Structures are given as structure tokens and as C-alpha cells.
Amino acid sequence: MAEHDNPQHDSGRAPDAEAWDFAAIQEKWTPVWEELDPFAAGRPGDTRPRKYVLDMFPYPSGDLHMGHAEAFGFGDIVARYWRQQGFDVLHPIGWDSFGLPAENAAIKRGVDPREWTYANIAQQKASFKTYAPSFDWSRELHTSDPEYYKWNQWLFLELFKRGIAYRKEGLVNWCPNDQTVLANEQVVDGHCERCGFVVEKKSLTQWYFRVTDYADRLLDDLNQLEGNWPSKVVAMQRNWIGRSAGADVEFEIEGRDARVSVFTTRPDTLYGATFMVVAPDSDLAAELVSGASAEVRMRFQDYLEKTQAETEIDRLNSERPKTGVFLERYAVNPVNGERLPIWAADYVLADYGHGAIMAVPAHDQRDLDFARAFDLPVRVVVDTNAPVTGVIPVIHFDEDGEPILPEDAGLTNPKETGVALTGVGRVINSGPLDGLSKPNAIRRAVEHLEARGLGRAAKNYRLRDWLISRQRYWGTPIPIVHCPDCGEVAVPSEQLPVRLPDAAGLDLKPKGTSPLGAAEDWINVACPQCGGPAKRDSDTMDTFVDSSWYYLRFLNANDDDRAFDPAAAEKWAPVDQYVGGVEHAILHLLYSRFITKVLFDAGYLGFTEPFTSLLNQGMVLMDGSKMSKSKGNLVEFASELSAHGTDALRVTLAFAGPPEDDIDWADVSPTGSAKFLARAWRISGEVTSSPDVEWKGGDAALRRATHRLLADAPGLLEQFKFNVVVARLMELVNLTRKTIDSGPGAGDPAVREASEVTAMILNLFAPYTAEDMWSRLGYEPTVALVQWRKADPALLVEEQVTAIVQVNGKVRDRLEVSPKVSADELERLARGSEAALRSVGDGEIIKVVVRAPKLVNLIVR
RNA sequence: GCUCCCGUAGCCCAAUCGGCAGAGGCAGGCGGCUUAAACCCGCCAGAGUCUGGGUUCGAAUCCCAGCGGGAGCACCA
């Protein structure tokens with residue numbers, strides 16, 4: 001009997017010699033893998049097909065935390081999987097090592113930001129290595145190395161050459177704490193994304209990338225990504241770009257030669273315009289008010305100052321009452337010649353559209369709120385009660401422009417109710433547009449305007465150009481020299497990189513201008529064009545520039561001659577699988593997509609989207625909320641690692657649920673994972689058959705289970721259902737245990753086969769345990785390079801399947817049938833089922849639904 | 001306010017095409033092992049799928065409405 005062959009299990013307990021000791025196993029295999037170096041990609045002569053699996057590279061904060069463990073765990077599962085599927089997998093790692101935290105730490109503790117950063121990297125790298133990610137370390141890069149940022153500067157100059165990088169003065173987001181500007185994308189609810197301070201507005205001359213030129217492509221190419229990116233991220237990007245279609249309409253201004261354009265999405269309501277609003281901080285407002293009375297000019301000046309003092313927060317509060325100043329000027333409605341008073345109000349933004357709008361208070365809530373606040377006329381021009389087809393009611397107006405509503409129309413008067421009529425309906429009281437539906441009226445209105453040269457169809461975007469200047473030290477210097485005679489001059493490529501001056505002797509404390517400006521030796525330079533005295537640009541680049549193209553640098557991370565090799569890009573890029581947090585859904589991903597399109601246009605790349613497929617991992621929570629020191633619910637990765645080991649943590653994170661879901665650490669059980677790994681591992685030591693055993697005679701049920709898993713796992717893994725694969729592995733291990741204890745025993749070939757397959761698949765989740773199992777089963781390392789076993793189709797077919805017999809949709813009987821049973825035969829069997837017939841009773845079978853070999857449904861009346 | 005996602009056992013989660021609601025784990029109960037406990041081994045129990053309609057021979061799955069939770073956007077004309 002099996003128990004007697006293996007006296008260790010007589011008592012049902014594992015003796016100490018057979019204990020799964022994760023620490024010993026980790027120690028044993030780490031140096032072996034180091035020696036074997038199995039994860040280097042792109043070896044010369046390798047003809048395997050390629051995959052590029054990339055994790056978003058980390059900012060080197062010093063230590064790994066649970067979020068890293070999760071994200072890099074998922075990326076590693078994918079990388080290891082494709083390797084076992086026969087691909088040459090590129091899975092690199094690097095460091096997003098420029099940025100504010102280094103500088104702030106440096107200020108606080110007086111250490112050099114460079115030293116601080118590189119010490120962190122060394123520490124974090126060591127943590128990484130114990131986590132057994134299958135990285136190709138030979139391609140490791142640091143964005144703060146001159147060898148990297150040289151090419152960041154090259155990229156900047158490529159954009160500069162093409163007019164995509166440009167300098168302009170404008171109102172920018174200013175963080176008073178970090179003392180630097182922020183991109184729109186870095187302002188969250190009016191607060192600095194990084195430090196949480198309330199963001200202010202400031203007028204500065206800054207460098208921008210013309211991402212708005214790419215708005216249409218960034219939007220339209222999202223269609224390519226649909227299905228392979230989380231729909232949430234695609235939606236967020238669409239939202240952020242915020243394209244809206246409408247028309248530009250030109251209004252004459254009394255006492256002014258040039259007309260004023262406004263953008264509207266509702267040209268169908270042009271006849272309902274009763275006033276015009278301009279942004280107080282626009283040039284237009286300043287010009288228009290200059291012709292007004294002294295009193296109005298003063299009130300305007302007052303209002304303008306208040307507007308500019310407002311923080312983004314105040315402005316975001318849509319609840320607050322509408323304010324504004326009448327400018328004593330009038331516009332002329334191009335469709336009916338009516339005089340429209342012009343107001344300045346802060347609910348109109350200077351940098352969207354033309355900074356001016358036509359107000360249609362009856363059909364726009366904001367305009368209505370304003371009209372009610374200042375008692376301006378409201379004119380209904382869309383009957384939102386009218387059916388899309390049918391009779392068209394005509395509404396008449398009294399001498400004040402108030403609608404005289406027919407009693408039975410049921411239309412409410414927006415001026416009274418305060419509710420704008422924004423629904424669809426029929427255009428009324430609009431001359432030639434009367435009776436048209438919204439889309440037809442829009443089309444007709446645009447045609448009329450175009451015919452008379454007073455307007456045209458137009459699009460607008462929420463997206464703004466990307467502000468990339470930062471007034472801080474620890475970043476890539478902008479490779480531009482400002483010459484009093486030649487203006488902005490690009491640093492010649494042979495002078496790149498423009499190296500950061502030493503931090504020693506520089507005051508890094510934020511003071512609103514870049515610390516680099518104080519580096520006298522560095523800032524003063526001869527103009528590359530005329531040789532005269534000139535100054536370097538003292539700002540550094542937003543670190544999102546660094547990360548916008550780093551995926552290309554990995555292809556030839558050590559190449560001194562170019563940023564990246566187009567031939568290598570042809571071979572490896574775009575990235576097949578990108579893995580990272582949803583916090584980058586807009587920022588990094590949008591910028592990276594943008595830069596990729598620029599490089600495509602410049603002829604360097606043959607593709608326009610950098611990341612073919614995207615997986616966002618969820619967050620790791622504790623007791624339902626984000627972990628943080630202040631909440632006292634921090635789960636330290638390092639202590640979990642020493643308590644449970646790498647493998648148990650990796651399994652726990654993979655098994656917790658779908659990868660994109662948040663994981664609450666209170667709901668999961670690393671001890672449970674460890675127990676499972678120990679079970680799997682023990683079995684590998686109990687196997688008594690030798691590696692060359694014939695599988696054929698093995699236990700049929702266990703073999704079928706093994707091969708079903710081999711057949712199902714690839715599909716599950718490719719859908720990122722890691723949790724299901726782990727569950728299926730647990731199932732297989734349980735069945736193997738049962739086969740050993742109460743079946744044919746540990747010597748059965750099926751037990752060896754199951755254990756080998758367990759080790760092979762476990763390589764994805766628990767590389768140390770898998771390697772040790774592989775060794776115990778009599779093989780050489782490394783299991784990481786073992787190719788995926790093909791499921792034997794003969795073992796997948798069942799001899800008998802269970803067909804269910806339903807009566808009116810309710811299960812009444814089960815039949816054991818051949819999987820190849822014909823529909824007729826199955827129906828005959830079902831009609832003979834006693835249980836079914838009992839349920840049919842006196843009823844008449846009026847219909848039979850047969851889905852061989854799974855079910856028969858008898859419909860009885 | 002607008003848009004999107006999600007509601008399955010005490011808890012975390014499964015369930016190819018619409019076809020027997022349960023794969024797995026945690027917690028729980030019982031038994032074995034143990035002087036005892038932990039570990040380990042075995043067994044057991046537990047929901048009719050948020051609510052209400054609809055489509056269908058048949059709905060956790062599709063459609064509509066509501067409730068609950070989460071996320072994103074938000075004075076963008």
C-alpha cells in the first residue's frame with residue numbers, strides 16, 4: 001500500500017525533513033539563476049518570434065511596496081508565460097529617476113540629489129531581485145544618467161525643429177509649495193497632484209509641446225486600442241481630449257472694424273442668442289472695455305483682478321452664483337440683426353474656443369443662470385415638447401422678448417423655472433430654421449453662415465498644449481541657448497548632452513526660478529550661432545518627457561550613437577503588453593502616444609501607437625482604504641516578504657481576484673498561499689517514478705485533469721484570469737494528493753505528470769518553488785525555460801458526458817451519454833426518461849429543444 | 001449634473017455561445033494525527049445570483065427601470 005511504501009506519511013503528517021522552507025529555497029536558486037542568466041532577450045541568432053512585455057518603470061523611492069509587488073508580479077506572469085510559449089521575450093527594467101522627491105529630500109537633508117537617487121536605486125534593486133522578476137537586467141537604464149537625458153534633449157530638439165516645441169507667455173498653473181509650474185494634467189481638483197497644495201495661476205513664458213495639433217489623431221487612434229486597453233482608460237482619454245463639434249460664428253461689434261468669432265455647439269439656437277459673454281482675462285475684453293465709461297472701466301478692472309486672484313478651486317465650484325460686468329458694448333446677431341449686449345463674466349474661459357460665447361439662456365443652463373442673475377431676456381427657440389415628427393407649434397413673443405407660451409404646449413418658461421430646455425425638439429421662432437430637428441437645424445444654420453461668410457463648421461478641444469518647463473534642478477536641462485541677437489538657438493547635437501551642473505554650491509530651495517540660473521559658469525555660454533554672449537535656458541523638462549519614449553530606449557539601452565535604433569524598433573516595438581497603474585491613464589499614456597506619433601511623422605517609427613495591449617492592476621488596500629502611514633493601516637512589503645516569502649506573496653496577489661480589481665489585504669491569506677505551495681512542493685518529493693516513465697498507463701482521471709488544465713490555461717492567462725489559473729492549479733494539486741493517498745499511489749505515472757505540469761505552470765506565479773519542484777522531479781534548471789506542454793487531445797474527450805433533461809426549463813433528469821450522441825438519439829433517450837415523464841404527467845409535449853450532447857428541454861402544455 | 005464600471009455563500013471570488021449556480025481560497029463545523037496544540041490529512045455545511053419588469057423553450061449572463069457601491073469628468077460654450 002502507498003502509505004507503507006512511504007512511511008513518512010503513515011501518520012498523516014509531514015516530518016520536519018519534508019518541510020517547505022521558502023527561505024532556503026530562495027537562497028538556493030537565486031545564485032543559480034544569476035549564473036544561468038536565462039532572461040536576456042535578443043541574443044544573436046535567436047529566430048524565435050518576439051514579444052515585448054513592459055512594466056511601467058518605477059520612480060526609485062527606495063523600497064518596494066505592495067503596489068509594486070502586484071504590478072510587477074502581473075507583468076512577470078505575462079513575460080514568463082510567453083517565454084514558455086516559445087517567444088523571445090523582452091522584459092526590461094529601468095528607473096524613472098529624475099523628479100521632485102529627490103530634490104526635496106536633498107533640500108531637507110542636505111544630501112546631493114544624485115547620491116540620494118542612486119542610493120535608493122541600489123536599495124530598491126536589491127529588493128526587486130528577491131522578488132524574482134524575470135528582467136533582462138543588461139538593459140537597465142536611469143533617466144537621470146547623461147547617457148539617457150542626452151537623448152531626451154535630442155528628442156526636444158527634434159520637436160523644436162518641427163515647430164512642435166515652442167515658447168509662449170500665458171497663464172500657467174503654479175504650485176506655491178513646489179515653486180514650479182504644472183501641466184494641466186498634473187492639477188487634480190485644483191490641487192497639485194504631487195504635494196496637494198492649492199494651485200495658483202501665474203503669467204509666465206514657458207516651453208510647450210503642441211499636443212493639440214495631434215488631438216484628432218490621439219482621439220481617433222483610440223479606436224485601434226479598444227478591446228486591448230481597459231475601456232475605462234480609453235474613455236478617460238476621450239474625455240480628456242474632449243473634442244466637441246459645432247460652429248464658429250462671426251458677430252459684428254458696434255464701433256469695431258473686426259468681427260468677433262464665437263464657438264458654439266448649438267448653431268441651431270442662434271436665434272435664441274440674447275447677449276454675448278467674453279472672458280474677463282481675454283485680450284478681447286480689455287479692448288472692448290477701453291471704449292466704455294470710466295465707471296465701467298473701473299468696475300471691469302476690479303472684476304478682472306478678482307478673477308485672477310481666484311484659485312482653480314473657486315473656479316471649479318459650479319454652484320457659486322454667476323458674476324459679471326456689462327461692458328457697454330453691443331454685438332449684432334448675424335442671423336437677425338439684433339443688438340446683443342456684451343458682458344464680461346468668469347464663467348467663460350479665455351483659453352477655450354475664442355474666449356467669447358453667444359449666450360442662449362433658454363437652452364443653456366449656465367447662460368440661463370447668468371440671465372436670471374442680471375435680468376437679461378430669455379428666448380425659447382426649441383420646442384422640447386414637440387415630437388420629432390408632427391405639427392410644429394409656433395411661439396410668439398411680447399415686446400420684452402418674453403415668450404408667450406400657448407397654454408397647451410406645456411413648455412415651461414426657463415426664466416421662471418430656472419431650468420434650461422436642453423432636450424431635443426423642434427426649432428421655433430427661428431425664421432428659416434423653423435420646424436427643423438436639432439441635427440437638421442445645425443446643418444442648415446452652418447450652411448447659411450458659410451454662404452454669407454459669417455461662420456463655418458468648427459471643432460474644439462478640452463486638451464491644451466503640454467507645458468514642459470519646470471523651475472527645478474533635478475531634471476533634463478532644456479537644450480536651448482537664449483541669445484540677445486539670434487533668439488532661441490538649439491544647442492548643436494555634437495554639444496549634447498547639456499549636463500546638469502553639480503548640485504554642490506547651488507541653492508536648490510524653490511524660489512520660483514530655476515536653481516540652474518545661479519550656476520554662473522554653466523548658464524553663461526557663447527551663442528552657438530553668432531558666438532556672442534548668451535545664456536542657457538535654465539529650466540528643466542517635465543519628467544513625463546523622459547518617460548514618453550523610454551520604451552524605445554530599452555531596445556538599445558547602451559547605444560551611444562542614437563536615442564534608439566529604428567531597426568530594433570521594427571523588430572520589437574510596439575510594446576505587446578504594457579502593465580501599470582491606472583493613475584497614469586491620462587498623463588503618461590497620452591504623452592507617450594503623442595511622442596510616438598511625432599516620431600512616426602519624423603520617419604523614425606513604423607507604428608503610431610506605443611502600447612498594443614494595456615493591463616491596469618488595481619490598488620492594494622487595507623481594511624477598505626488606501627494604505628498610508630497616517631491611517632496606520634500600512635502593510636509593509638518587506639515584512640510580509642520575510643514572513644511568507646516571495647512565492648506566497650506572488651501567489652496571494654495573483655489569486656486575490658481579477659488583476660484590475662483592488663485587493664484588500666484584509667481579505668486575502670498569504671498563509672493559505674503558502675499552504676498551497678507547500679502541498680504542491682511535497683508532492684514533487686513523493687513522486688517515485690522516474691523521469692523517463694511512460695505516461696500512458698497513468699491514472700486516467702488525473703491525466704485528464706492535467707491535460708484539461710494544459711488546454712485551458714493559455715486562454716485564461718491571455719485574458720489575464722490569473723486568479724482562475726491559480727484556482728485550477730489548486731484543484732490539480734488536490735486531485736494529485738487524492739490520487740496518491742487513496743488512489744493508485746505516488747508511483748503512478750499520472751502523479752509525476754501532474755506534478756511536472758504543476759511545476760511548469762507554477763513557474764509563472766511561484767518561480768522559486770517551481771524551480772525546486774523541478775529539481776526534485778529530477779530535472780536541471782531552469783523550469784523558466786521549459787516549453788509549455790501541449791495538451792493531448794485524446795485525453796480531453798470524455799467517454800461519457802452528462803446530459804440534462806429539462807421539462808419547461810426545469811432540470812428533471814440526468815443522462816450519461818456519449819459526447820457524440822446525435823440529437824435524435826438524445827431526444828429519444830429523454831422521452832424515455834422516467835423522471836421526465838413523471839414531470840410531464842398528462843401534459844402534451846408541444847416542442848422539444850435539443851442541444852446535443854448537453855441538454856434536452858421538453859416543452860409541455 | 002454628465003459618462004462609465006460593478007452588485008453571485010459570512011468574506012474574497014468562479015461559472016466558453018443564454019443551457020445542471022460552485023472551480024478555488026478564507027473564515028466556520030466534525031473527524032484523524034498529537035500528552036496537548038500548531039502543522040498536516042480527510043470530511044461537512046452554506047447562496048438561487050441587489051429589487052421589479054421584459055425578451056426567450058431556457059436568464060447570474062441580453063433589454064428597460066429602480067436601489068446600492070466604485071471610478072472618471074465637470075462653468076469647455
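Note on naming: letters A, B, ... go to the chains in the order of the sequence lines (proteins, then strands), and numbering restarts at 1 for each one. Given the structure is predicted, the values throughout are model-derived calculations rather than measurements.
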Discussion item. Does either side chain, that of A:Asn734 or that of A:Arg679, offer a donor lying less than 3.5 Å from an acceptor on the other one?
Written reply: yes
Discussion item. Between the side chains of A:Arg456 and A:Glu250, is the shortest nitrogen-to-carboxylate-oxygen separation below 4.0 Å, so that they form an ion pair?
Written reply: yes
Worksheet item: How would you label the contact of A:Thr671 with the nucleic acid (heavy atoms, under 4.0 Å): base, sugar-phosphate, or nothing?
Response: nothing
Discussion item. What is the separation between atom CD1 on A:Ile846 and atom C1' on B:C57, rounded to the nearest whole Å?
Written reply: 9 Å
Worksheet item: Side chains of A:Asp369 and A:Tyr347: is there a donor and an acceptor less than 3.5 Å apart?
Response: no
Worksheet entry | d(CG, A:Leu729; P, B:A23) in whole Å | 17 Å
Worksheet entry | Test item: side-chain donor near acceptor, A:Asp346 and A:Thr307, under 3.5 Å | no
Worksheet item: Between B:C26 and B:C43, how far is it from one P atom to the other, in whole Å?
Response: 14 Å
Discussion item. I'd like the P distance from B:U8 over to B:C13, given in whole Å.
Written reply: 9 Å
Practice prompt. Determine which nucleotide pairs with B:U34, using a 3.5 Å limit on both distances of a Watson-Crick or G-U wobble pair.
Written response: none
Fill in: Any-strand Watson-Crick or G-U partner of B:G48, both distances under 3.5 Å
none
Worksheet item: Across all strands shown, which nucleotide pairs with B:C73 by Watson-Crick or G-U wobble geometry, both distances under 3.5 Å?
Response: B:G1
Worksheet item: Can you find a side-chain donor-acceptor pair between A:Gln237 and A:Trp229 that sits under 3.5 Å?
Response: no
Worksheet entry | Who pairs with B:G19 - Watson-Crick or G-U, where each distance is under 3.5 Å | B:C57
Worksheet item: Which whole number of Å gives the distance between the C1' atom of B:G72 and that of B:C44?
Response: 46 Å
Practice prompt. Give A:Lys738 one of three labels, base, sugar-phosphate or nothing, depending on what nucleic acid heavy atoms sit under 4.0 Å from its own.
Written response: sugar-phosphate
Fill in: Gap in Å between the two C1' atoms, one belonging to B:G42 and one to B:C33, rounded
11 Å
Worksheet, complete the sentence: Given the 90°-from-0 boundary between syn and anti, B:G48 should be labelled syn
Practice prompt. Look at A:Ser244 and B:A77 and indicate whether a side-chain polar atom (N or O) is within less than 4.0 Å of OP1 or OP2.
Written response: yes
Worksheet, complete the sentence: Between CG of A:Leu677 and P of B:C40 the distance, given in whole Å, is 12 Å
Worksheet item: Atom CG of A:Asp664 to atom P of B:A27: distance rounded to whole Å?
Response: 16 Å
Discussion item. Does either side chain, that of A:Arg814 or that of A:Thr802, offer a donor lying less than 3.5 Å from an acceptor on the other one?
Written reply: no
Item to complete: Measure from the side-chain heavy atoms of A:Asp741 and tell me the nearest of B:C41, B:G24, B:A77.
Response: B:C41
Discussion item. Heavy atoms only, 4.0 Å cut-off, all strands: where does A:Arg814 land among base, sugar-phosphate and nothing?
Written reply: base
Worksheet item: Considering residues at least two apart in sequence or located in another chain, which fulfil the salt bridge (charged side-chain N to carboxylate O under 4.0 Å, His left out) criterion with A:Arg266?
Response: A:Asp268
Worksheet item: Side chains of A:Tyr461 and A:Thr212: donor-acceptor distance under 3.5 Å anywhere?
Response: no
Discussion item. Considering every strand and a 4.0 Å limit on heavy-atom distances, what is the contact class for A:Arg812: base, sugar-phosphate, or nothing?
Written reply: nothing
Worksheet item: Is it the case that A:Ser261 and A:Asp248 place a side-chain donor and acceptor less than 3.5 Å from each other?
Response: no
Worksheet item: When the distance from CZ of A:Arg737 to P of B:G25 is rounded to whole Å, what number comes out?
Response: 14 Å
Worksheet entry | C1' gap between B:G28 and B:G68, integer Å | 28 Å
Response to the item:
Of the listed B:C20, B:A23, B:A77, the closest approach to the A:Thr802 side chain comes from B:C20
Worksheet entry | First of A:Tyr352 and A:Ser673 reached from the 5' end of RNA chain B, by closest nucleotide | A:Ser673
Worksheet item: Within less than 4.0 Å of OP1 or OP2 of B:A23, is there a side-chain N or O belonging to A:Arg708?
Response: no
Worksheet item: Looking only at atom P, what distance separates B:G58 and B:C2, rounded to whole Å?
Response: 36 Å
Worksheet entry | Spacing of the C1' atoms in B:G66 and B:A23 (rounded, Å) | 33 Å
Fill in: Footprint string (nucleotides 10-19 of chain B, 5' to 3'): B base within contact, S backbone only, - free, heavy atoms under 4.0 Å
-SSSSS---B
Worksheet item: Is the NZ or CZ atom of A:Arg462 both under 6.0 Å from the centre of the six-membered ring of A:Trp240 and within 45° of that ring's axis?
Response: yes
Worksheet, complete the sentence: Here the distance between atom P of B:C40 and atom CD1 of A:Ile683, to the nearest Å, is 13 Å
Discussion item. Heavy atoms from C-beta onward define the side chain here; which of B:C40, B:C75, B:C26 lies closest to that of A:Ser669?
Written reply: B:C26
Response to the item:
Closest of B:G24, B:C57, B:C75 to the A:Lys322 side chain is B:C75
Worksheet entry | Minimum side-chain heavy-atom gap A:Leu709-A:Leu729 below 4.5 Å | yes
Worksheet item: With a 3.5 Å cut-off and no angle check, do the side chains of A:Glu226 and A:Ser231 form a donor-acceptor pair?
Response: no
Worksheet item: Can you tell me how far P of B:A59 sits from CG of A:Asn808, to the nearest Å?
Response: 11 Å
Fill in: Rounded distance (Å) that lies between atom P of B:G70 and atom CG of A:Leu621
12 Å
For nucleotides 71-73 of chain B, list the nitrogen or oxygen atoms of the protein found under 3.5 Å from its nitrogen or oxygen atoms, one pair per line.
{"from": "B:C73", "atom 1": "O3'", "to": "A:Arg462", "atom 2": "NH1", "distance (Å)": "3.1"}

Worksheet item: Is B:C5 in the syn range, within 90° of 0, or in the anti range?
Response: anti
Practice prompt. Using the C1' atoms only, state how far B:C30 lies from B:C67, rounded to an integer number of Å.
Written response: 41 Å
Worksheet item: According to the Watson-Crick and G-U wobble definitions, with both distances under 3.5 Å, which nucleotide is paired to B:G68?
Response: B:C6
Discussion item. Any donor-acceptor pair under 3.5 Å linking the side-chain atoms of A:Tyr271 with those of A:Asn333?
Written reply: no
Worksheet item: So which nucleotide from B:A77, B:G24, B:C41 ends up closest to the side chain of A:Leu349?
Response: B:A77
